[in-house]
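Here is the structure we will look at, set down as structure tokens.
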Amino acid sequence: MKRKHRLESDLGDDTRIDLSPMIDCIFILLIFFIVTTVFVDETGFEMMKPDAAAAQPQEDARPIQIEITAADQIRLDQAPLSISQLANRLGNLRIDEETTVSIRAHGDSRHQTLVEVWDAARAAGISKISFTTFN
């Protein structure tokens, strides 16, 4: 019986959790994440912004306003036009390369109409085109 008591006391003294395998796993995971991390140097371009004091005031260069209604009707200066008429009118209204067109499209209008108006402006030689939507 004495021997049994001695075995229980030996088991109690030597019972410990070995943490070295867990530490090894954590170091392996740490090395894995360090190696697989991608350090990307995002490339861009430097842009020199002009000073506001050096800017010259622009003349009254109002953009040509084109409106597309909810029923896909195209209006230039509140006058309804077809796509072919619009291309001719834009060609006549184009003054120089700085001529701009602003397209206001209703939210319920079709995208195809917007693209057709955009293409008509590009065909007229206008490269500065912007658009907004309204409801």
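For this chain, numbers begin at 1 and follow the sequence in order.
Note that CD1 of I83 and OG1 of T113 are 7.0 Å apart. Values are rounded to the nearest 0.5 Å. If you take CG on L90 and OG1 on T99, they are separated by 10.0 Å, rounding to the nearest 0.5 Å. A distance of 6.5 Å separates OG1 in T133 from CG in N135, rounded to the nearest 0.5 Å. For the atom pair CG (L114) and CG (D119), the distance works out to 9.5 Å, reported to the nearest 0.5 Å. Separation of atoms OG1 (T69) and NE2 (H106) is listed at 8.0 Å; rounding is to 0.5 Å. Atoms CD1 and CG, on I66 and L93 in that order, are 9.0 Å from each other to the nearest 0.5 Å.
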>> side chain to side chain contact (heavy atoms under 4.5 Å, CB included), that's the test. Do V117 and I74 meet it? Break it down for me.
In response: CA-CA 8 Å; V117 170; I74 302 165; 3.7 Å; yes
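Linking Ile, Leu, Val, Met, Phe, Trp and Tyr residues whenever their side-chain heavy atoms come within less than 4.5 Å places I34 and I23 in a single cluster. Residues V115 and L86 are members of separate hydrophobic clusters, defined by side-chain heavy-atom contacts under 4.5 angstrom among Ile, Leu, Val, Met, Phe, Trp and Tyr.
Contact of the I103 side chain with the I68 side chain is registered, since non-hydrogen atoms from C-beta on lie closer than 4.5 Å. Side-chain contact between S127 and E97 is absent, with no heavy-atom pair separated by less than 4.5 Å.
Closest of all the heavy-atom pairs between A124 and G91 is CB-N, 3.7 Å. Residues Q73 and P80 share a closest heavy-atom pair of NE2-CB, 3.2 Å. Nearest heavy atom pair, residue I129 against residue I126, reads CD1-O, 3.7 Å.
In this structure, the side chain of D72 engages the main chain of R110 through a donor-acceptor pair within 3.5 Å. Of the possible polar contacts, none joining the S109 side chain to the A105 backbone as a donor-acceptor pair under 3.5 Å is found. A distance-only check finds a donor-acceptor pair linking the side chain of D96 to the backbone of E98 [under 3.5 Å].
Hydrophobic cluster of I31: the remaining members, joined at side-chain heavy-atom separations below 4.5 Å, are V35, listed by chain and number.
In this structure, the side chain to side chain contact (heavy atoms under 4.5 Å, CB included) partners of R104, at least two apart in sequence or on a different chain, are Q65, E67, T132, F134.
Identified under the salt bridge (charged side-chain N to carboxylate O under 4.0 Å, His left out) test for residues 81-92, with sequence neighbours left out: none.
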